[in-house]
Amino acid sequence: MKEIAPDVWQVGGGFPPNGINLYVIGDVLVDAATRHGGRRIFREIKGREINAHALTHAHPDHQGASHEVCERLGIPYWVPERDADAAENPKLIGERQPDHPIAQFFARTMTGPGHPVDRKLRGGDAVAGFEVIDVPGHSAGHVAYWRESDGVLILGDVLNNIDVLTGIPGLREPKSFLTPDPAENRRSAKSLGPLEPKVVLFGHGAPLRDTRKFVDFVSGLED
Ligand SMILES: [Zn+2]
């Protein structure tokens, strides 16, 4: 694992690098890749104390290994309130995705088992020194995690810093065919500009330490 900011670690070992990201903040694992990601996760977090598992959103490439992680570590599952039903009953994940062949293919091949949710996260909640921010659109309950003291923003899939199909790096909105409500997601992205984050951590793509680039990108999105 690589320390990105104090007590914020990017879990490595994925291929391609930065393709599907997860993070450890304090003693909390944020996201859990696809259902094939368990071995990578356990290899990377070996020797670390993890006391809870939280999601940015309940999509197949973020909740895939969540059940395995919570079971094996015996830790609670913290999920954004309006994604909690899908985290427990993953049939809803595919149903809520756009009716597009790629979205449905990802849902079939990556979605992990459901797992009981122990804590429903709401905007304003605290998780390992971060504040939960509601940023719905890419999923019904999508949240980001924000640490104002040093400007670290864990953004999930509100924006991607890589093209998830071609692997070409660069800041962009998530694919519309993987996003149930692109207009709402765009409003959520724009709402984050005033934070002026110093480090942005994505579900897909490398960390971004260029505040201006982030702020200009979101303020340039049309209403
Ligand atoms: Zn994703």
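Since we're looking at a predicted model, the values are computed, not measured. Counting starts at 1 for both ligands and their atoms, in listed order.
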Query raised in the report: Do you know which of Asp163, Asn161, Asp157 makes side chain to side chain donor-acceptor pair (under 3.5 Å) with His204?
Result: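 Exactly one option meets the side chain to side chain donor-acceptor pair (under 3.5 Å) with His204, and it is Asp157.
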Query raised in the report: Any N/O/S of His204 under 2.8 Å from the Zn ion (ligand 1)?
Result: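 It does: His204 brings an N, O or S atom closer than 2.8 Å to the Zn ion (ligand 1).
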Query raised in the report: Measuring to the Zn ion (ligand 1), does His62 have an N/O/S atom at a distance below 2.8 Å?
Result: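 Coordinating: yes.
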**Report entry** Side chains of Gln10 and Asn21, donor plus acceptor under 3.5 Å
**Finding:**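 Yes - a donor-acceptor pair under 3.5 Å links their side chains.
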Report task. Report yes or no: does Glu44 contribute a side-chain atom to a donor-acceptor pair with the main-chain N or O of Met1 at less than 3.5 Å? Result ->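 Flag set: sc Glu44 to bb Met1 pair under 3.5 Å.
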**Report entry** Atom name in Asp157, limited to N/O/S, at shortest distance from the Zn ion (ligand 1)
**Finding:**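 Atom name returned: OD2.
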Query - Identity of the N, O or S atom of Asp61 lying closest to the Zn ion (ligand 1) - result: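 Minimum-distance N/O/S atom of Asp61 relative to the Zn ion (ligand 1) is OD2.
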**Report entry** Pairing of Asp7 and Arg147 as salt bridge, 4.0 angstrom limit
**Finding:**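 No, Asp7 and Arg147 are not salt-bridged.
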